[in-house]
Amino acid sequence: MKIGTLSLDERKIIYAKSLGKKIADDVLEEIKPYTTKSIERAILRIFGVNGVNSKGIPYVNSIIDKFQEKNLISKGILFLISNALIKFNTNSIQRLIEEIDEDKINITKLEYGDKEKIKILAKDLIKDGVSKIVKKKKERENMILKYPLKEKPHLYVIVATGNIYEDAKQVKSAAYLGADFIAIIRSTAQSLLDYVPYGLTTEGYGGTYATQENFRFIREILDEVSKDIKKYVKLVNYSSGLCMPEISTLATLERLDLMVNDALYGILFRNLNPLRTMIDQRFSRFILHIGGIPIVTGEDNLIKTIDSKEFYYTVIVSQIINEQLAKNCGMDENEIGLGHAFELDPNLENGFLYEIAQAQLVRELFPNSPIKFMPPTRYKTGNIFLSHVMDTLFNIVANLTDQEIQLLGMLTEALHTPLVHDRYLSIENAKYIRNNLKSISNEFIIKDDGIIKKRAVEVFDKAVEKLEEISSMGLFKALEKGYFSDTKRLKEEGRGYEGVIKKDDDYLEIYDLL
Amino acid sequence: MKIGTLSLDERKIIYAKSLGKKIADDVLEEIKPYTTKSIERAILRIFGVNGVNSKGIPYVNSIIDKFQEKNLISKGILFLISNALIKFNTNSIQRLIEEIDEDKINITKLEYGDKEKIKILAKDLIKDGVSKIVKKKKERENMILKYPLKEKPHLYVIVATGNIYEDAKQVKSAAYLGADFIAIIRSTAQSLLDYVPYGLTTEGYGGTYATQENFRFIREILDEVSKDIKKYVKLVNYSSGLCMPEISTLATLERLDLMVNDALYGILFRNLNPLRTMIDQRFSRFILHIGGIPIVTGEDNLIKTIDSKEFYYTVIVSQIINEQLAKNCGMDENEIGLGHAFELDPNLENGFLYEIAQAQLVRELFPNSPIKFMPPTRYKTGNIFLSHVMDTLFNIVANLTDQEIQLLGMLTEALHTPLVHDRYLSIENAKYIRNNLKSISNEFIIKDDGIIKKRAVEVFDKAVEKLEEISSMGLFKALEKGYFSDTKRLKEEGRGYEGVIKKDDDYLEIYDLL
Amino acid sequence: MKDKEKFIRPYGDTPDDGIIQISFTIPLPLPFSREVAKRIVKEMGLSDENIVFEKDIYSGFSFFIIYGKFNKYIDISKIKVKNNELTIPDFFEIEKIMEEKIGKKIKIIACTLGSDAHTVGLDAIINAKGYNGDNGLERYKGFEILNLGSQIQHELLIKKIQEYKPNVVLISQTVTQKNIHLKNLTLLSELLEAENLRDKILLICGGYKITPELAHELGYDMGFGANTYPSQVAYYIVNELIKRNLLDKWS
Amino acid sequence: MKDKEKFIRPYGDTPDDGIIQISFTIPLPLPFSREVAKRIVKEMGLSDENIVFEKDIYSGFSFFIIYGKFNKYIDISKIKVKNNELTIPDFFEIEKIMEEKIGKKIKIIACTLGSDAHTVGLDAIINAKGYNGDNGLERYKGFEILNLGSQIQHELLIKKIQEYKPNVVLISQTVTQKNIHLKNLTLLSELLEAENLRDKILLICGGYKITPELAHELGYDMGFGANTYPSQVAYYIVNELIKRNLLDKWS
Ligand code: B12
Ligand code: B12
Ligand SMILES: Cc1ncc(COP(=O)(O)O)c(C=O)c1O
Ligand SMILES: Cc1ncc(COP(=O)(O)O)c(C=O)c1O
């Protein structure tokens, strides 16, 4: 069932993507004038600013807040820092930061020097900030060259103990059992925090805090294992929530390998302010691209709370928009891992055929994307045996339709975040299917008059129809109207709106400087 | 994937079956001159002889043994009884039998009357014996008409507590859970007994004794349930072992609905004498056909002890022979449920594709047969979770290739005969697949250059090759040479050979009388 | 015989065989962990223990699947099942009761508390659409509902309660890892006490791991678990408000 | 700290969370059976019991899946693992030992006893082909083997032993339902005693539910369970025959 078997109308695909492009371009125009607190903090992090002050507040937060209080932040931290460095002609940013934090420097008293000089310095600062990121990228490329992932679909599992030391043990177990991608999901509260916690953490709920130190700690352990098993096991986390840009930056600095990144998720399921998170997402994807870290998006969530058969098309709509949004940040198709999911009601007659149709449709619409296929969750119950069977069907569709990355279902999905042996059982299940069905995607031709073909076409047509509507009203309006997950979100409301900052003329665009 | 998708060479299929016919005909010629103790006992049972004597020995056994001691049995019980009835001009066979048992009649002193008269009476006796059987057949046909089985594949489960009263509870549970066929498998010792135990039994190992009373008891319970759920749930047992003909007869009298019947199984795995059980099988299939009871054969066993990939072709060989053997007993294709199994090593790369190929091949070779597809067993381990996944793959192949009857795998296959909830979990698994994949056999075309097509052709060719060899040497010789399951069995050896009887000229052929 | 009926054990395929299936992980490597596993099974009072599967799942963990026999009997003569499955009148009957016995609107405030973003459960109870065909609370004329949605911090909720003056407060908790739901729920009932609001309201929580017993422990009037139907909740609210006459505590 | 290392509990996703998964069937209908299920879990000494799934499976049965917490600790300082996983020398070494220390042929009789027709297990030990690449006993020059095959009645076996005069008797039992294997095996050792044959032979049984402990109880010298390798058996035979000098008991 290689690409092309659904024999979709090529012209229609091109048309659909052009609609996506228009939608993405309009968004870009709307957000261009703005930056956010988190972006400014992220820039400081690119410079290597780290640590917390005497009050336990991260320097990057205290600094940006100070500048905002004084209404200076609209110039952008890049401009402000460059200027200050020149004024005090020092080149130790960290020292400067600490002095500002301790109010040893009165930032309001700083008048501005020659803009050209500032710009040149800024450029240099960014350049060698970015050079560190590029170094990490090269490191990763070498590891991948030396220890490539062979079999597909790649197996992606989640670890979520809340305690980084327990995570470490379980990450190790998962890697040796055969996981290709391992995500440490975040504590439920984190995405609402407007700062990135500091240090190695042991107290999370439903996940573990994403911190620079936690990233480094786990990546080191995985490097050891990777060398041992001659396979570079990839580390995943979430560029998501109010600190999306900072987390993305930290991911590039600590050599994470894949980031879950989707503004839409934050908007719909975390009630983040649409404008804020769209602006953040632009920066995030920009920096991740520089760091050579692909993203995966969260369309799977769109069908977790509403009728998943009727509204499956929203997955396609979002994917087409998401792809264009990412391209506008400089990302290549092979860096854009669009998401979808196996979430139809198991009691649906011929549901399996619809799942095949949908998965194959996604595969054919985005032949170069490292598609992330998500497992059944919402219809899981405490019947762990039936749950394991549902995951088997999911694994089969993943292989039959040549998905690239499959996040493994857990037989205890309805009960708790995965236990160490839940992960074992689901990796075993997936490896069995991957080997026993190895060449299956090459064995069949989909009948033209079959249910699969019919379903695929019906979903795609519906998606195009909706894309037309959205492209004429704009994405923000569509969100207000509740086009996705039956949830209405207003452009001027939601968490983090206060962090949106209009840039003034002095603002130095990192996008331009590179 | 409807019939024909493998586009096999029609001429080759016809040729293969002609080889099977030759093999079956030769067997028939060899066994025609013989009857067996069990056949003679079965004839008495057709007359309604039942019960045990004062020593607890079934009347049918004591009578036949007496005639054999006196070297009279070669005339056949039909002739002997008819003659005796005329002599004592009575028509109560049971009385006659009891008197013979108690030696009130000296059978040696009975000289023979007019052969024509005897033949006419014999004919009448058989006729009204058979009429009872036909009545039961009609009963079943009405039930099926009223409460048909709808969905396919039909779900077949096993009950095996050893205690008929516990069996009853579990049969009920299974029927309400959705089982279409329910087999009460027999105690491990029974097939070696040269008599049929009497009464309702509570002491069996790995199964429950097959007795007329147990048959009746369970069929009654299933009739109640069937009416309640408006679906005629079918009762299965084994026409197998040394009493194959009697059990078959009892099955027709107690309205069982399907019988597992395969001489080859007894020969290879019970070391029964090949001649004896082949003769018995002829009678069994003859009587089952009259009673309207289809059979299922045991080819699945052929690959349980040897390399199942290399020797899968022996399944096809046996099926082609078995079909012709059954036809020679008057059976129609829709009464011949040939067996095969999903028994490849789960660690085999692309094993799933081979399973599809093999199952589809069987389906296409015997389009009218109520094929019985058997689940994975030999590679099951104590890992009940993985075992459940293996059964899921089996269920998928059953649906993908349109099998008619699927015997459900159990997640505890490697541990014990099914517990009441093991059965629940496997019925749930199978029903989920059957509904969720309902139309899947119609969705795909098998690629001509694929692994599936290649495997199917390779297996079939090998089978034809072997059929050629066997047809030239004869089936008994092939058994001596160990053509099946790497087990050598001699025509004059094995259990029950002493029960093979050469008929003399007075012998009245039941086959002719009807 | 009588006895057999009075004393019960698990059933595998024969009465009183007592068969039980177990699985767990020991944080030690094989073969040592095997001995630990055996002792755990013994500690549970199981006999005929049979380790049917064991697997080293790396970094010092071993997974076990075990069958064993539960040897004791449960004396069921001692068991009384309290009928919590009491039959719930249908939508219209409940509305009727509300009209006749209450007359005025019942004010309800609802949210998922703390960092919990799971709304599907709460929405299934509140939104008109309801759950499995059973109307949600919004459909009842007699209810006036303010649904604050998800991730509501305790302080904010308290503020809202003071403003809105509800008769009923509905709290949903889905994430239970490290018992965060217990922390969240307890903190709320404490704050309500502190603010002298507790006795003004009927306090109800729900979530797939909530039980009535648990709810009582945490100082709630009632708790609803997995597969709750809105009508169960509506009926409970109506009865309780009347029983405790909680209808004009704010005036 | 030391203590943590000395006392062990099951591990779910955090040390000492003690999580255990259980399933079983109660021969009573719901909801009553639920109470019975809860008591059984309590009887096993588990806390935080959580019935995650329950299902009426008809004719009076209910199936349960339950998670619970094992609260006690296992004191592992008390555990010594006896090394039954002792390293087995390879085929050639064993043959060498046989040549050097025994010299003459060791006579073995083997069969699956009673109504048991399962031969694959016994064949895996005996046939040259062996098991998972490990040579079967037939391959060893030093063994002379008479394999009677399957379903051998006790009397017949005794007769054959008297005729053949073996040093070793190998019995396989696969069917265990209603403990038929115990009945079969016990009967044999009794008959051997009665016939004064027991002390002439090394008596060994095997099968996937056989353990050394069980074998000893039943009066056998040794028992081999699931996944036995022929070399384990060969090595054991050689050592034991020498240790007990069972080589010329028939002369
Ligand atoms: C859908 C879903 C999501 C969606 C939620 C979208 C939304 N708007 O609700 C999204 C994708 C956002 C999500 C995110 C997360 N989720 Co989530 N999610 C689920 C999932 C798949 C289904 C839950 C559901 O909708 N059930 C259907 C409803 C109808 O059932 P219910 O909640 O039990 O409600 C019924 C009863 O409980 C009761 N009830 C419930 N509330 C109330 C309230 C009152 C007053 C009353 C009377 C009754 C009542 O009535 C309802 C109807 O009968 C479950 C897995 C599963 N299959 O259960 C995981 C699950 C709940 N999620 C989980 C986790 C950990 C998370 C995350 C924290 C993961 C992470 N670290 O990123 C995130 C973050 C969310 C957060 N901060 O809370 C875990 C929770 C583990 C645990 N016990 O702690 C689960 C179990 C998955 C897992 N195995 O890991 N999730
Ligand atoms: C193959 C098989 C059959 C074949 C056997 C063919 C043959 N010639 O052997 C056939 C189809 C004939 C068969 C029939 C039956 N079988 Co069967 N069968 C199996 C199956 C699928 C595999 C067994 C096997 O070959 N294992 C592979 C071998 C290598 O493993 P092993 O036996 O454990 O042997 C190893 C060790 O135990 C040890 N070992 C074994 N014996 C010995 C002896 C010595 C001296 C030593 C040192 C070591 C040793 O070394 C071996 C190598 O490591 C199992 C299910 C399963 N997956 O286990 C059911 C199973 C064993 N069968 C079962 C039953 C009930 C039957 C029947 C009785 C059913 C019936 N009522 O019709 C019939 C009748 C047979 C009879 N009277 O005994 C049950 C037994 C349940 C129980 N515990 O009581 C099982 C578990 C299936 C089930 N879940 O119901 N069966
Ligand atoms: C796209 C996406 N982003 C983020 C998350 C994690 O949520 P949070 O941002 O609260 O950590 C998820 C969890 O499923 C997700 O799917
Ligand atoms: C074809 C066949 N016949 C008979 C049996 C049952 O064995 P027995 O004849 O010993 O009851 C089986 C069991 O699997 C079988 O497959």
Side-chain angles (χ1 to χ4, degrees), chain A residues 1-2 5 151 344-357 379 383-397 399-400 411 421-422 424-426 428-455, chain B residues 1-2 5 151 344-357 379 383-397 399-400 411 421-422 424-426 428-455:
Chain A
M1 209 140 74
K2 283 265 169 280
T5 11
E151 288 151 290
L344 296 180
D345 183 341
N347 297 316
L348 205 58
E349 187 175 288
N350 279 323
F352 188 73
L353 303 186
Y354 302 138
E355 294 286 6
I356 293 173
Y379 287 105
N383 184 346
I384 56 177
F385 296 99
L386 182 61
S387 172
H388 209 43
V389 174
M390 291 169 69
D391 289 336
T392 305
L393 292 198
F394 164 72
N395 292 338
I396 288 172
V397 172
N399 283 273
L400 186 64
L411 76 171
H421 53 261
D422 295 338
Y424 154 63
L425 290 170
S426 76
E428 173 180 69
N429 183 334
K431 280 168 74 180
Y432 167 40
I433 303 293
R434 187 170 63 182
N435 177 59
N436 206 236
L437 278 69
K438 197 166 198 305
S439 312
I440 197 164
S441 66
N442 248 326
E443 288 291 314
F444 303 111
I445 295 161
I446 298 174
K447 283 189 183 172
D448 255 335
D449 55 357
I451 294 170
I452 293 175
K453 176 73 190 285
K454 192 161 153 302
R455 170 67 180 170
Chain B
M1 211 139 73
K2 282 264 169 280
T5 12
E151 288 151 288
L344 296 180
D345 183 341
N347 297 318
L348 205 58
E349 186 175 287
N350 280 322
F352 187 73
L353 303 184
Y354 302 139
E355 295 286 5
I356 293 172
Y379 286 105
N383 184 346
I384 57 176
F385 296 99
L386 183 61
S387 172
H388 209 43
V389 173
M390 291 170 69
D391 290 335
T392 306
L393 291 198
F394 164 71
N395 292 336
I396 288 172
V397 173
N399 283 272
L400 186 64
L411 76 171
H421 52 260
D422 295 338
Y424 154 62
L425 290 170
S426 75
E428 173 179 70
N429 183 334
K431 281 168 75 180
Y432 166 40
I433 304 293
R434 188 170 63 182
N435 178 61
N436 207 234
L437 277 68
K438 197 165 197 305
S439 312
I440 196 163
S441 66
N442 249 325
E443 287 292 313
F444 303 111
I445 295 163
I446 298 173
K447 283 190 183 170
D448 256 334
D449 55 358
I451 293 170
I452 293 174
K453 177 73 190 284
K454 193 163 153 303
R455 171 67 181 169

Given that the side chain runs from C-beta out, which part of B:N383 has a heavy atom under 4.5 Å from chain A: side chain, backbone, both or neither? side chain
Distance, nearest 0.5 Å, that separates CG of A:L437 from CD of B:E355: 11.0 Å
Partners passing salt bridge (Lys or Arg N to Asp or Glu O under 4.0 Å) against A:K431 (at least two apart in sequence or in another chain): none
B:L425 versus chain A, heavy atoms under 4.5 Å apart: side chain, backbone, both or neither? side chain
Find the distance between CG (A:N436) and OH (B:Y354) and round it off to the nearest 0.5 Å. 10.0 Å
If you count heavy-atom pairs under 4.5 Å between each of B:T392, B:D391, B:V389 and chain A, which one has the most? B:V389
Straight-line distance of A:E443 CD to B:I356 CD1, nearest 0.5 Å: 8.0 Å
Look only at the side chain of A:N435 and the backbone of B:N347, and say whether a donor-acceptor pair between them is shorter than 3.5 Å. yes
Supply the atom-to-atom distance A:F444 CZ to B:I446 CD1, rounded to the nearest 0.5 angstrom. 6.0 Å
Contact leader toward chain B among A:I451, A:N429, A:D345, where contacts are heavy-atom pairs under 4.5 Å: A:I451
Rounded at 0.5 Å granularity, tell me how far CG in B:N442 sits from CG in A:D449. 8.0 Å
Measure across A:N350 and B:K438 and return the closest heavy-atom pair with its distance rounded to 0.1 Å. OD1-N, 3.3 Å
Taking only residues two or more places apart in sequence, or in another chain, which ones meet B:E349 in a salt bridge (Lys or Arg N to Asp or Glu O under 4.0 Å)? none
If you measure from CD1 on A:I396 to CG on B:L393, what distance do you get to the nearest 0.5 Å? 5.0 Å
Is the A:F385 ring parallel, tilted or perpendicular to the B:F385 ring (thresholds 30°, 60°)? parallel
Proximity breakdown for B:S439 and chain A, heavy-atom pairs closer than 4.5 Å: both
